[in-house]
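Report on the following structure.
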Amino acid sequence: MRQPLSLALFSLLLAGCAGPLPQHDPNMAWVDLRAQTIDVFMSDRLDGKRTHDGRYFQVPPGSHELEANYEFEVSGGGPNLFAETQTMRCTMVVRYDQFEAGKRYLFQARSLGFTPQGWLLDEERNVLVEAKAEHCR
């Protein structure tokens, strides 16, 4: 029980220290990230290069590969309701060829048990491409 509480407090501390998001450049596409409330989902690499801010991606039009770190907890399960939880960490990867300037996208992740899932969605929340989970541990 202490780990989720400490994680929540750490997240609040980070949120309090985080500055405002930069202005959205109309010549670029903007990609927000979203996961379940208790999970951590942050941008890591754009086309193989580290991102400067884990809260979003801002990309020029065209083809790009987005990588985001996804961390989620899985219950130990079994007959013991108070079994230890396990933290899973994965890299979620999306490759998309048609990012458009001025458009907003959503890179979304969730977990079903030990299985991470992710999608890139357009402004109307239509699925454009499914994310691939890599390096889960």
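Here the structure is a predicted model, which means the values were calculated and not measured.
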### Task
Determine the minimum heavy-atom distance between Leu120 and Val31, stating which atoms define it.
CD1-CG1, 4.2 Å
### Query
If you take all heavy atoms of Gly118 and Met92, which pair is closest and at what distance?
N-CE, 3.6 Å
### Task
Would you check, one step at a time, whether the test side chain to side chain contact (heavy atoms under 4.5 Å, CB included) holds for Cys136 with Arg89?
CA-CA 5 Å; Cys136 293; Arg89 291 175 186 86; over 6 Å; no
### Query
Quick one: does Asp47's side chain have a donor or acceptor within less than 3.5 Å of a partner on Glu65's backbone?
yes
### Query
If we only count heavy atoms from C-beta on, is the Glu100 to Pro61 side-chain gap below 4.5 Å?
no
### Query
What class does the angle between the rings of Trp30 and Tyr56 fall in, given that below 30° is parallel, 30 to 60° is tilted and above 60° is perpendicular?
parallel
#### Entry: Gap between atom CZ of Arg125 and atom CD of Gln108 - 0.5 Å precision
8.0 Å
### Message
If you define the side chain from C-beta out and look only at heavy atoms, does anything of Val129 sit under 4.5 Å from Arg95?
### Response
no
#### Entry: Interatomic distance, Glu73 atom CD to Met88 atom CE [nearest 0.5 angstrom]
12.0 Å
### Message
A side-chain contact here means heavy atoms from C-beta on lying under 4.5 Å apart; do Phe114 and Gln86 qualify?
### Response
yes
### Message
Let me confirm one number: the NZ-CG distance from Lys49 to Asp44, rounded to the nearest 0.5 Å.
### Response
14.5 Å
### Query
Taking atom CZ of Arg55 and atom CG of Asp53, what is their separation to the nearest 0.5 Å?
4.0 Å
### Message
Same cluster or not: Tyr96 versus Val127, using hydrophobic residues (I, L, V, M, F, W, Y) connected whenever any side-chain heavy atoms lie under 4.5 Å apart?
### Response
no
#### Entry: Single-linkage hydrophobic cluster Leu66~Phe41, side-chain heavy atoms < 4.5 angstrom
yes
## Note on the structure
Value for CG (Leu128) from CZ (Phe99), rounded to nearest 0.5 Å, stands at 8.0 Å
### Task
Check the surroundings of atom CZ in Arg104: do more than 12 heavy atoms from other residues, nucleotides or ligands lie under 6.0 Å from it?
yes
## Note on the structure
Scanning both residues in full, the closest heavy-atom pair of Gly113 with Val74 reads O-CG2, 3.4 Å
### Task
Might you work through the salt bridge (Lys or Arg N to Asp or Glu O under 4.0 Å) test for Lys132 and Glu130, ending with a clear yes or no?
CA-CA 7 Å; Lys132 193 167 114 180; Glu130 191 171 327; over 6 Å; no
### Task
Determine, stepwise, if the pair Asn126 / Leu121 fulfils side chain to side chain contact (heavy atoms under 4.5 Å, CB included).
CA-CA 5 Å; Asn126 297 309; Leu121 308 171; over 6 Å; no
### Message
What I want to check is whether the side chains of Arg110 and Gln117 have a donor and an acceptor closer together than 3.5 Å.
### Response
yes
### Query
Under the side chain to side chain donor-acceptor pair (under 3.5 Å) criterion, do Thr51 and Ser43 qualify, and how do the steps go?
CA-CA 7 Å; Thr51 57; Ser43 69; 3.2 Å; yes
#### Entry: Any Glu71 side-chain heavy atom under 4.5 Å of Asn69 side chain
no
### Query
Does some side-chain heavy atom of Tyr105 sit less than 4.5 Å from a side-chain heavy atom of Phe57?
no
### Message
Please determine whether the number of non-hydrogen atoms from other residues, nucleotides or ligands lying under 6.0 Å from atom CD of Gln23 exceeds 12.
### Response
no
#### Entry: Side-chain H-bond candidate by donor/acceptor type, Asp39 with Tyr70, under 3.5 Å
yes
### Task
Please test Met28 against Val59 for side chain to side chain contact (heavy atoms under 4.5 Å, CB included), starting from the C-alpha separation and ending with a verdict.
CA-CA 5 Å; Met28 307 277 266; Val59 302; 5.7 Å; no
### Message
My understanding is that only residues two or more places apart in sequence, or in another chain, count here; which of them pass side chain to side chain contact (heavy atoms under 4.5 Å, CB included) with His135?
### Response
Thr91
### Query
Are Trp119 and Phe107 close enough that some pair of their side-chain heavy atoms sits under 4.5 Å apart?
no
### Query
Would you say Gln58 and His24 make side-chain contact, with heavy atoms under 4.5 Å?
yes
### Query
Is there a side-chain contact between Glu123 and Lys103 (heavy atoms, below 4.5 Å)?
yes
